[in-house]
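Scroll down for the structure; my scribbles are underneath it.
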Amino acid sequence: KAKEAGRNTWRMYDKSMSDSLYRRAALEEKLKQAMAWREFELHYMPQIESGTGVIRGVEALVRWRDSDGQLIQPGDFIPLAEETGMIVTLGEWILRTACQAQVNWKQQLGRDVLMSVNISAVQLKARDFANTVRRIVWETGIDPAYLELEITESMLIESMDSVKPVLDRLREIGVQIALDDFGTGYSSLNYLRLLPITQLKIDKSFTNRLEEVEADRTIVESIIDLVHKLNLRVVAEGIETEAQYRILHELQCDFLQGYLFSRPVDEEGIQNLLRVGRLEVPGSQASA
Ligand code: C2E
Ligand code: MG
Ligand code: MG
Ligand code: MG
């Protein structure tokens, strides 16, 4: 009897559980296939210099073009790629593709563009990550000073001690390290003090409300001042309005990223932007 009841109970959960397990397994299978079929592509979002609009670099953002031609955003597959460990292979492909693109653009443009690449916690904690980076730098021939790896504060919370030596090795290789989504996690000042960070990215949740929320403006102002006093550079993400731009420019934020200037664009799109070399910013003189 107990056995029967148990079985009935199991049945109650069975349907919804197997549905989600099934969907997950199917998605995982699709992700593996996507790797094999080269369905991933990189889009690039310009990072401009405040005041001039000069494009100093780009952030590489992965997309998945599935077999129906539909473009899938990273939020919809990166978490699963992380859970399954597939992010290690995918991340290596992303890094190599981004570095190769940087080198190609240098040949075409005659100048170096800073290439920022997002690194997942799983990659950073995988054995040999620094060696992987060293190898890719060597293979592609990128000047490591123009490669920036973006890590998020959330990955530092429980593993500061294991992450620090990896970051130190990355700095020895000569790559830059940005702390992404700053302000969303614990934002411990310890990170800035102990880790070899070269740049800090203020999260777009602060940028969003700069106009309306006085406190956000004060916090952003303090972050920028602090970062400058530590001799680091600061980028703000998610600028969508002229008003947000004006405030950040006034607060002397060094670099900016946001839909106001450009959305992430594909390889052809970014080459067109890089050829011009700058984007229009509010208040800049139209070139005669
Ligand atoms: P992130 O690194 O903070 O990247 C910035 C995200 O904000 C991008 O979304 C970008 O399109 C979006 N964004 C930038 N400016 C604006 C704006 O003005 N308005 C709005 N509404 N959005 C803006 P995306 O490409 O969907 O990427 C989301 C997240 O997925 C990234 O956040 C990053 O954490 C992750 N991701 C993207 N590409 C990669 C990758 O190659 N590897 C890894 N590990 N993670 C990635
Ligand atoms: Mg998106
Ligand atoms: Mg990023
Ligand atoms: Mg971010």
Side-chain angles (χ1 to χ4, degrees), residues 10 12-45 58-101 115-133 135-136 148-160 162-163 166-167 170 177-186 201 203-205 237-238 257 263-267:
W10 162 247
M12 275 172 57
Y13 292 101
D14 185 39
K15 176 106 179 74
S16 61
M17 254 181 65
S18 66
D19 274 4
S20 74
L21 281 177
Y22 174 78
R23 237 179 326 192
R24 217 191 112 96
L27 182 58
E28 193 178 334
E29 197 47 47
K30 275 187 78 185
L31 265 181
K32 276 189 193 143
Q33 230 167 54
M35 273 305 306
W37 293 352
R38 300 169 187 277
E39 289 179 347
F40 293 103
E41 53 187 81
L42 294 187
H43 285 200
Y44 300 93
M45 184 170 205
V58 302
E59 178 175 8
L61 296 161
V62 68
R63 271 92 182 93
W64 173 9
R65 176 92 52 193
D66 80 359
S67 37
D68 332 319
Q70 211 198 334
L71 203 61
I72 306 172
Q73 301 297 313
D76 294 331
F77 61 89
I78 292 282
L80 184 66
E82 288 177 333
E83 277 176 51
T84 56
M86 235 148 49
I87 191 70
V88 174
T89 318
L90 177 58
E92 212 174 306
W93 178 86
I94 291 168
L95 195 57
R96 182 175 293 105
T97 305
C99 291
Q100 193 58 64
M115 175 61 75
S116 301
V117 180
N118 292 286
I119 301 299
S120 144
V122 179
Q123 281 174 278
L124 199 70
K125 289 170 193 168
R127 277 198 45 198
D128 260 10
F129 179 67
N131 270 332
T132 302
V133 173
R135 180 163 41 81
I136 290 174
E148 178 178 79
L149 303 180
E150 296 192 2
I151 62 166
T152 60
E153 14 169 63
S154 56
M155 62 174 80
L156 301 174
I157 294 164
E158 353 90 67
S159 48
M160 176 82 165
S162 58
V163 167
V166 181
L167 297 185
L170 291 170
I177 296 172
L179 193 52
D180 201 359
D181 301 343
F182 191 78
T184 57
Y186 286 86
K201 297 189 85 168
D203 190 66
K204 57 177 172 289
S205 57
E237 294 192 281
Q257 258 181 266
R263 290 187 173 245
V265 291
D266 66 11
E267 168 85 35

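All of these numbers come straight from a predicted model, not from anything done at the bench. Numbering starts at 1 and runs along the sequence shown.
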query = Tell me the side-chain hydrogen bond (donor to acceptor under 3.5 Å, both in side chains) pairs involving residues 29-39, sequence neighbours left out?
reply =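 Sorted pair list: Glu39-Trp64.
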Shortest non-hydrogen contact from [X] to [Y]?
| X | Y | value |
| --- | --- | --- |
| Met115 | Ala60 | SD-CB, 4.1 Å |
| Lys204 | Gly238 | CB-CA, 3.6 Å |
| Thr84 | Arg24 | CG2-NH2, 4.4 Å |
| Leu170 | Ala130 | CD2-CA, 4.0 Å |
| Pro264 | His43 | CB-CB, 4.3 Å |
| Tyr44 | Ala101 | OH-CB, 3.6 Å |

request  = Check each of Leu149, Val166, Asp180 against Ile119 using the side-chain contact (heavy atoms from CB on, under 4.5 Å) test, and report the only one that passes.
outcome  =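 Option passing the side-chain contact (heavy atoms from CB on, under 4.5 Å) with Ile119: Leu149.
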query = So do Thr184 and Ser205 actually touch side chain to side chain, heavy atoms under 4.5 Å?
reply =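 A side-chain contact under 4.5 Å exists here.
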message = Would you say that Ile151 contacts Leu179 through its side chain, given a criterion of any heavy-atom pair below 4.5 Å between the two side chains?
response =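 Yes - at least one pair of side-chain heavy atoms lies under 4.5 Å apart.
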Spacing of [atom1] belonging to [X] relative to [atom2] belonging to [Y], to within rounding of 0.5 Å:
| X | Y | atom1 | atom2 | value |
| --- | --- | --- | --- | --- |
| Ile72 | Arg63 | CD1 | CZ | 11.5 Å |
| Glu41 | Arg65 | CD | CZ | 4.0 Å |
| Ile177 | Ser116 | CD1 | OG | 12.0 Å |
| Thr132 | Arg127 | OG1 | CZ | 10.5 Å |
| Asp266 | Leu71 | CG | CG | 9.5 Å |
| Phe40 | Asp66 | CZ | CG | 10.0 Å |

request  = List the steps, then state whether side chain to side chain contact (heavy atoms under 4.5 Å, CB included) holds for Asn118 with Val62.
outcome  = CA-CA 9 Å; Asn118 292 286; Val62 68; over 6 Å; no
task = Determine, for Lys201 against Glu59, whether the closest basic-nitrogen to carboxylate-oxygen distance falls under 4.0 angstrom.
result =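 Looking at Lys201 and Glu59, the cut-off is met.
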key: Test log, rule side chain to side chain contact (heavy atoms under 4.5 Å, CB included), inputs Met155 and Val163   = CA-CA 9 Å; Met155 62 174 80; Val163 167; 5.6 Å; no
Which donor-acceptor pairs under 3.5 Å do the side chains of residues 86-96 make with protein atoms, sequence neighbours left out?
unit_1: Glu92; atom_1: OE2; unit_2: Arg135; atom_2: NH2; d: 3.4
unit_1: Arg96; atom_1: NE; unit_2: Glu139; atom_2: OE1; d: 3.4
unit_1: Arg96; atom_1: NH2; unit_2: Glu139; atom_2: OE1; d: 3.4

Verdict with supporting geometry, Glu150 and Glu148, side chain to side chain contact (heavy atoms under 4.5 Å, CB included) = CA-CA 6 Å; Glu150 296 192 2; Glu148 178 178 79; 4.1 Å; yes
request  = Start with the C-alpha distance between Glu153 and Asp181, add both sets of side-chain angles, then the distance that settles side chain to side chain contact (heavy atoms under 4.5 Å, CB included), and finish with yes or no.
outcome  = CA-CA 7 Å; Glu153 14 169 63; Asp181 301 343; 5.6 Å; no
query = Got a sec, which pairs hit salt bridge (Lys or Arg N to Asp or Glu O under 4.0 Å) with one end in residues 69-82, sequence neighbours left out?
reply =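 Sorted pair list comes back empty.
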